[in-house]
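In what follows, a single structure is set out as structure tokens and then discussed.
Proteins get letters first, then strands, A, B, ... in listed order; numbering begins at 1 in each. Only heavy atoms go into these numbers, but all of them, side chains included; no hydrogens, no water, no symmetry mates.
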Amino acid sequence: MKSLQVVKYGEISESLAFNETDKPQVQANDVLIEVKASAINPIDKSIILGNLQSLLPIPLPATSAYDVSGVVVEKGQEVSDFEIGDLVYSRVPQEQMGTLAEYVAVISSAVSKKPGNISFEEAAGIPLAGLTALQSLEYAGIKENDKVLIHAGSGGVGSFAIQYAKAKGAYVFTTTSTGNVKWVKELGADRVIDYKTEDYKDIAKDVDIVFDTLGRHYSLESFELVKEGGKVVSVVGPLDEASAKMFGMNDYKLPAELAKASSEKNAEYKFIFMHPNGSHLNQIKLMIEDEQIKPIIDKVYPFSEGIQAFTHLASGRAKGKIVVKIS
Amino acid sequence: MENLINKIKERLHLSSEAEAFLYSISNEKELVKGDVVIRPGQVVKKTYFVISGCLRSYCIDTNGKEHTLLFAIKDWWISDYMAIHSEDISTLTIECLTDSKVIEFNAKELDEIHTRFPEFESYQRQNLERHVVNLQMRILNQLQLSAAERYDLFLEKYSDIEKQIRNFHVASFLGITQESLSRIRVERAKK
């Protein structure tokens with residue numbers, strides 16, 4: 001089968017190639033998905049550039065991407081919740097990475113039926129960003145009337161998180177640049193902060209939850225805004241100590257400034273590792289079918305132009321998801 | 001099963017042999033919300049009479065979007081008749097939208113009733129005519145009525161279950177977006 005693979009680490013144009021690979025074998029708990037569409041995410045770009053080599057050692061060549069929508073064409077003997085012919089979507093686990101291919105085998109617990117009211121292309125753009133947003137905001141215990149600051153509202157995760165938080169009845173602050181203010185507002189954010197002309201720290205105050213999708217100084221600054229006893233959840237900032245322990249880093253300490261800020265506010269800091277989860281995707285499916293959340297596609301590329309899709313991702317200018325149509 | 005027998009008895013004299021035959025080929029089933037009774041690509045042998053609840057038949061287009069053909073509620077029949085007629089595989093999915101009770105028949109066995117008990121010929125012909133009338137109305141309504149008018153008709157027909165059906169299914173039955181459906185509902189509420 002045809003696959004778009006990372007063949008070496010480095011510049012996108014030199015590191016990706018179309019290769020002929022074997023159709024994946026289905027294990028007892030797997031379904032084999034005939035891929036209709038795949039979506040790419042910033043992590044896919046980081047892998048190609050080699051930025052994650054120490055954290056995620058992936059033997060090359062490796063087929064790229066994690067997000068997929070398609071049709072179940074085969075299933076392992078232990079799979080009971082899916083049938084051949086089911087239309088599904090998934091963020092595949094690390095060890096099954098490789099959705100930029102004609103087929104991908106995925107453990108069924110990471111799979112959900114796809115929303116029936118959107119196309120394969122739209123569905124492919126949901127899983128990674130959607131799970132990241134859902135798991136972060138649910139960890140923070142989001143509830144009605146909470147004040148939530150979501151950084152980078154026009155990003156894949158941010159644009160989903162705004163809609164999710166609104167569906168939960170929260171009041172949403174979000175930051176974006178001037179050109180994106182209008183459409184981010186249309187996603188439902190209550191107060192869109194144009195970071196080019198306004199200081200978000202003057203506007204978002206005493207919030208219950210900060211969702212940090214930017215890292216750098218933004219992680220620390222979150223504690224200036226969060227209310228006493230609030231929550232700061234981050235998907236890009238420093239690891240928290242409990243998460244570091246999970247990775248076997250027993251001596252790891254939260255950076256001192258962050259630890260101090262967190263304890264002064266009695267506010268928890270948590271790094272969220274998105275994990276593949278079919279039942280979370282099923283919750284998202286229902287919310288999409290009820291139009292509480294809409295998929296946002298920047299551009300759909302044909303499979304033959306898969307490498308251009310990565311160049312576009314690398315430009316950082318996409319508003320919404322970049323999708324590759326496979327079949 | 002008594003429901004169906006009583007309905008038949010309203011329209012024809014049902015001999016005890018015919019009644020016994022109907023019982024012998026029927027299989028009463030309790031289905032739960034989300035159960036799928038017919039899937040695309042499968043050979044269709046069964047047809048269902050709904051005692052209670054609601055089933056939906058829909059097709060999926062090449063983009064992966066669902067289009068609702070029919071909601072079957074109390075006293076309706078549902079199957080993929082195109083597949084049965086042409087002895088081909090199903091193009092439809094039929095799923096339970098609510099916990100439902102149905103009577104399942106093997107379509108071929110049900111067909112046999114005509115040769116064994118000729119009185120069923122006219123009964124079945126009437127059923128078919130009704131079905132065709134329904135389909136014809138659905139096509140004509142789709143062609144000539146506004147979305148709001150189609151929604152009014154939907155409410156008339158499915159008043160018992162409207163609250164239990166998700167907006168997404170109603171919109172896909174009417175062939176409109178959910179946003180349009182919401183607008184129609186708001187306009188209707190103002191009247």
Against chain A, work out which of Q42(B), E66(B), H67(B), R166(B) has the most heavy-atom pairs shorter than 4.5 Å and name it.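 Most heavy-atom pairs within the cutoff with chain A belong to R166(B).
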
Heavy atoms of other groups near [X] [atom1], more than 12 under 6.0 Å:
X       : atom1 : answer
K2(A)   : NZ    : yes
K45(B)  : NZ    : no
K325(A) : NZ    : no
E87(B)  : CD    : no
Q25(A)  : CD    : no

Between the side chain of K36(A) and the main-chain N/O of T62(B), is any donor-acceptor distance below 3.5 Å?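 No.
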
Test item: N167(B) and D290(A) side chains (from C-beta on) under 4.5 Å apart, heavy atoms: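 Sidechains of D290(A) and N167(B): no contact.
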
If you round to the nearest 0.5 Å, how far is CZ of F120(A) from CG of D61(B)? 8.5 Å

Could you state the interatomic distance from CG (L181(B)) to CD (E291(A)), rounded to the nearest 0.5 Å?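 Here the rounded value is 9.0 Å.
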
For K113(A), which atoms come within 4.5 Å of any heavy atom of chain B: side chain, backbone, both, or neither?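 No part of K113(A) comes within 4.5 Å of chain B.
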
Against chain B, label I118(A) side chain, backbone, both or neither, depending on which of its atoms sit under 4.5 Å from a heavy atom there. backbone

Over all heavy atoms of both residues, which pair between N117(A) and Q178(B) is shortest? Give the atoms and the distance, please.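 Looking at all heavy atoms of both residues, the shortest contact is ND2-OE1, 3.3 Å.
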
For the student: nearest non-hydrogen atoms of E122(A) and K65(B), plus distance: OE1-CE, 4.1 Å

Of all of A37(A), S69(A), G116(A), G70(A), which one pairs up most often with chain B through heavy atoms under 4.5 Å apart?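 Heavy-atom pairs under 4.5 Å are most numerous for G116(A).
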
